[in-house]
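Read the structure below first, then the notes.
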2 protein chains.
Amino acid sequence: MSHHPTKGQCLSCSIRPITIFSTLDAAEVEQIQAFQPAIIHYDANDIIYHQGMEARYAYTLRQGFVKIVNTLADGRSHIVQLLRAGDFFGFGGLSGVNYKHSAIALTSLDVCRLPLADLLKLKQTHPKIEAEMTKRWLERLHRAESMLVELGTKKAAERLASFLLRWCAGNAPDTWVALPLNRAEIGELLGVTIETISRFLADWKRQGFIGESRGNIQILDAAGLRQAVAIEG
Amino acid sequence: MSHHPTKGQCLSCSIRPITIFSTLDAAEVEQIQAFQPAIIHYDANDIIYHQGMEARYAYTLRQGFVKIVNTLADGRSHIVQLLRAGDFFGFGGLSGVNYKHSAIALTSLDVCRLPLADLLKLKQTHPKIEAEMTKRWLERLHRAESMLVELGTKKAAERLASFLLRWCAGNAPDTWVALPLNRAEIGELLGVTIETISRFLADWKRQGFIGESRGNIQILDAAGLRQAVAIEG
DNA sequence: CGTGGCATTGATTATTATCAAAGGAAGTGG
DNA sequence: CCACTTCCTTTGATAATAATCAATGCCACG
């Protein structure tokens with residue numbers, strides 16, 4: 001685990017436009033600077049926080065990817081969210097003393113870490129921050145509920161296909177997109193085994209719907225992929 | 001659909017202790033009274049609001065049960081939340097103009113309805129209300145994420161058993177508990193077909209783990225039930 | 001070069017959906 | 001009060017789907 005805490009420079013922060021502090025003016029940014037935001041680096045597979053741990057910080061992901069994992073008493077686990085740059089996490093601590101999930105680095109990444117106590121103060125004194133946080137909570141609730149529908153109504157192939165399409169959404173067709181998840185992780189996200197994932201992906205690669213190369217994927221034929229899962233699934 | 005809007009009497013409201021207004025003092029309650037909370041009755045199967053509709057109100061369930069349903073473009077649908085007395089819903093409208101789900105009465109029920117515009121004002125002027133809303137969002141997010149883990153990691157029998165145990169949790173063993181869901185609805189909640197639900201329930205009734213009678217269930221042998229799903233599931 | 005961690009593939013089994021039919025229970029109208 | 005209807009549930013048979021078990025293959029890295 002490689003921590004190199006650096007004092008965050010909020011005014012010049014390159015990702016601020018997509019954070020909960022996006023709506024603040026310069027004077028207000030100075031104020032949050034007075035709190036102790038720390039920029040911390042993690043390597044892939046590092047644990048940012050662990051389920052059950054005392055919750056003390058909330059985080060903004062500056063760059064890279066994080067998985068939020070929930071583990072049952074018997075060891076089975078499930079990825080409840082995938083986070084990307086700008087996402088805000090660890091706030092579950094606001095409602096309880098312990099983290100309810102683990103946050104694990106999928107890639108080498110940087111986060112901006114803020115003590116929950118400070119965040120609570122900021123939230124109370126700056127309605128703009130409070131509003132942005134609300135927006136993100138509702139957004140995250142919506143994502144969770146959408147995933148619930150995916151798991152509840154779709155079969156494995158369709159879940160996998162819509163995951164890939166969603167992951168690559170926004171990129172032009174045929175562009176290579178980093179997919180920092182191995183088969184086991186995709187399985188933990190979609191509620192499917194490694195082998196099933198592997199079979200479908202191999203099949204779709206053979207059919208030319210998608211391409212894959214060292215942790216990157218490309219959608220070559222979205223329509224074909226969609227049709228394939230509509231028929232077989 | 002039977003609407004009988006009544007002007008809500010917040011000061012004497014019997015369920016206020018469990019609502020987002022629970023922490024207000026008498027003077028503050030007078031203020032919310034000035035807004036237009038309406039108490040509305042719905043019969044079972046009435047639609048309180050419909051997915052895609054313009055979102056104008058948030059609701060507090062005073063009594064009865066509601067299902068929050070998400071329907072896909074192809075008609076498949078999934079119950080994303082079950083609500084009981086005190087639950088607050090319809091707030092998704094705060095983040096977008098349209099409701100993202102439908103809210104449907106499972107039983108005859110009463111809600112307290114508040115215009116979203118008023119709620120937004122209350123939230124901004126009364127930090128206590130804002131704090132209670134935050135608490136409920138995080139709680140609801142947590143419930144959704146727990147359900148995600150259920151669907152992602154467990155098989156049908158185990159999902160059904162833990163649903164029943166959760167539903168009856170808090171009641172003494174052997175007490176009859178109202179379960180206002182038919183087989184189809186349990187299926188839509190757990191991502192399982194009617195027939196599968198029916199088979200497991202019939203089996204467990206024969207084995208004496210549970211009892212069922214006209215929309216009510218009782219857990220007769222929680223340990224036996226748990227063991228049954230651990231082995232067969 | 002090994003070697004360890006993933007991924008692929010095949011064979012088999014378990015689980016659950018689907019299709020089909022019959023069996024209640026509650027309510028309606030005669 | 002009974003026959004009838006309708007809706008929901010149960011049950012059985014079969015098919016589809018995905019998990020499990022078991023090798024083998026493939027890199028990437030030391």
Side-chain angles (χ1 to χ4, degrees), chain A residues 43-45 67 74-78 106-108 150-164 179-207 210-217 228-233, chain B residues 43-45 67 74-78 106-108 150-161 163-164 178-207 210-217 228-233:
Chain A
D43 291 325
N45 301 313
K67 62 177 176 181
D74 63 6
R76 288 177 292 183
S77 63
H78 189 83
L106 283 169
T107 59
S108 175
E150 288 281 311
L151 295 186
T153 63
K154 298 181 176 178
K155 293 193 194 298
E158 199 180 355
R159 295 210 288 265
L160 180 56
S162 34
F163 166 67
L164 293 180
L179 180 69
L181 296 165
N182 60 25
R183 301 288 185 264
E185 287 165 330
I186 299 175
E188 261 184 49
L189 178 73
L190 302 178
V192 168
T193 57
I194 296 175
E195 294 93 331
T196 300
I197 303 278
S198 182
R199 278 183 241 271
F200 284 119
L201 289 181
D203 189 22
W204 296 341
K205 278 187 273 185
R206 277 188 287 266
Q207 300 214 39
I210 63 171
E212 191 185 27
S213 168
R214 282 167 297 126
N216 294 80
I217 57 163
V229 299
I231 290 166
E232 67 184 337
Chain B
D43 291 325
N45 301 314
K67 62 176 176 181
D74 63 7
R76 288 177 292 184
S77 62
H78 188 83
L106 283 170
T107 59
S108 174
E150 287 283 310
L151 295 186
T153 63
K154 298 179 176 178
K155 293 192 193 299
E158 201 181 353
R159 296 211 286 267
L160 180 56
F163 166 68
L164 293 179
L179 180 69
L181 296 165
N182 60 24
R183 301 288 185 264
E185 287 165 329
I186 299 174
E188 261 184 47
L189 178 73
L190 302 178
V192 167
T193 57
I194 296 176
E195 293 94 330
T196 300
I197 302 278
S198 182
R199 278 182 241 272
F200 284 120
L201 289 181
D203 189 22
W204 297 340
K205 278 187 271 184
R206 277 188 286 266
Q207 299 213 38
I210 63 171
E212 191 186 25
S213 169
R214 281 167 297 128
N216 294 80
I217 56 162
V229 299
I231 290 165
E232 68 184 334

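Lettering follows sequence order; numbering is per chain, from 1.
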Check: Which nucleotide sits closest to the side chain of A:T196: D:dA18, D:dT10, C:dA17?
Finding: D:dA18
Notebook entry, point to check: To the side chain of A:K205, which of D:dA19, D:dC21, C:dT8 is closest?
Noted result: C:dT8
Note to self: Please check this pair: side chain of A:R159 against backbone of A:V192, looking for a donor-acceptor N/O pair closer than 3.5 Å.
What the structure shows: no
Notebook entry, point to check: Using 4.0 Å as the upper bound for N to carboxylate O, is an ion pair formed by A:R76 and B:E158?
Noted result: yes
Notebook entry, point to check: Which of the following nucleotides, D:dA18, C:dT16, C:dT8, is nearest to the side chain of A:F200?
Noted result: D:dA18
Item checked: Side chains of A:L181 and A:F163 in contact at under 4.5 Å (non-hydrogen atoms) -> yes
Next item on the list: Calculate the interatomic distance between A:L181 atom CG and C:dC6 atom P; express it in whole Å.
Entry: 13 Å
Check: What's the spacing between B:I197 CD1 and B:L190 CG if we round to 0.5 Å?
Finding: 5.0 Å
Next item on the list: Kindly say if A:S198 contacts the phosphate of C:dA7, meaning a side-chain N or O under 4.0 Å from OP1 or OP2.
Entry: no
Margin query: Please report the distance, rounded to the nearest Å, between NZ in B:K155 and C1' in D:dT17.
Written below: 12 Å
Check: Given D:dT20, D:dC8, C:dT8, which nucleotide is nearest the side-chain atoms of A:E212?
Finding: C:dT8
Next item on the list: Can you tell me the distance, in whole Å, between the CD1 atom of B:I194 and the C1' atom of D:dG12?
Entry: 17 Å
Next item on the list: Would you classify A:G191 as touching base, sugar-phosphate or nothing, given that sugar-phosphate means primed atoms plus P, OP1 and OP2, and contacts are heavy atoms under 4.0 Å?
Entry: sugar-phosphate
Check: Between B:K155 and B:E150, does at least one N-O distance fall below 4.0 Å, as a salt bridge requires?
Finding: no
Note to self: For a quick check of understanding: with a heavy-atom distance under 4.0 Å over all strands, which category does B:R214 fall into, base, sugar-phosphate or nothing?
What the structure shows: sugar-phosphate
Next item on the list: Between D:dA22, C:dT18, C:dT16, spot the one nearest the side chain of B:T193, thanks.
Entry: C:dT18
Notebook entry, point to check: Within the side chain of B:H78, is there an N or O that forms a donor-acceptor pair under 3.5 Å with the backbone of B:E188?
Noted result: yes
Next item on the list: Among the candidates D:dT11, D:dT9, C:dT8, find the nucleotide nearest to the side-chain atoms of A:R183.
Entry: C:dT8
Next item on the list: Check if the side chain of A:R199 and the base of C:dG10 share a donor-acceptor pair of N or O atoms closer than 3.5 Å.
Entry: yes
Notebook entry, point to check: Is there a donor on the side chain of A:E185 or the base of C:dC6 sitting less than 3.5 Å from an acceptor on the other?
Noted result: no
Notebook entry, point to check: Do the side chain of A:R206 and the base of C:dT8 come within less than 3.5 angstrom through a donor-acceptor pair of N or O atoms?
Noted result: no
Check: Any donor-acceptor pair under 3.5 Å between the side chain of A:R159 and the base of D:dT17?
Finding: no
Note to self: Distance check needed: C:dC6 P versus A:I197 CD1, whole Å only.
What the structure shows: 16 Å
Checklist line | Length of the CD-P vector between A:E195 and D:dA22, whole Å | finding: 12 Å
Checklist line | Whole-Å distance separating the NZ atom of B:K154 from the C1' atom of D:dA19 | finding: 18 Å
Checklist line | Whole angstrom value for the distance that separates P of C:dT16 from CD of B:E158 | finding: 10 Å
Item checked: Nucleotide D:dC27, atom C1' - distance to CG of A:N216 in whole Å -> 16 Å
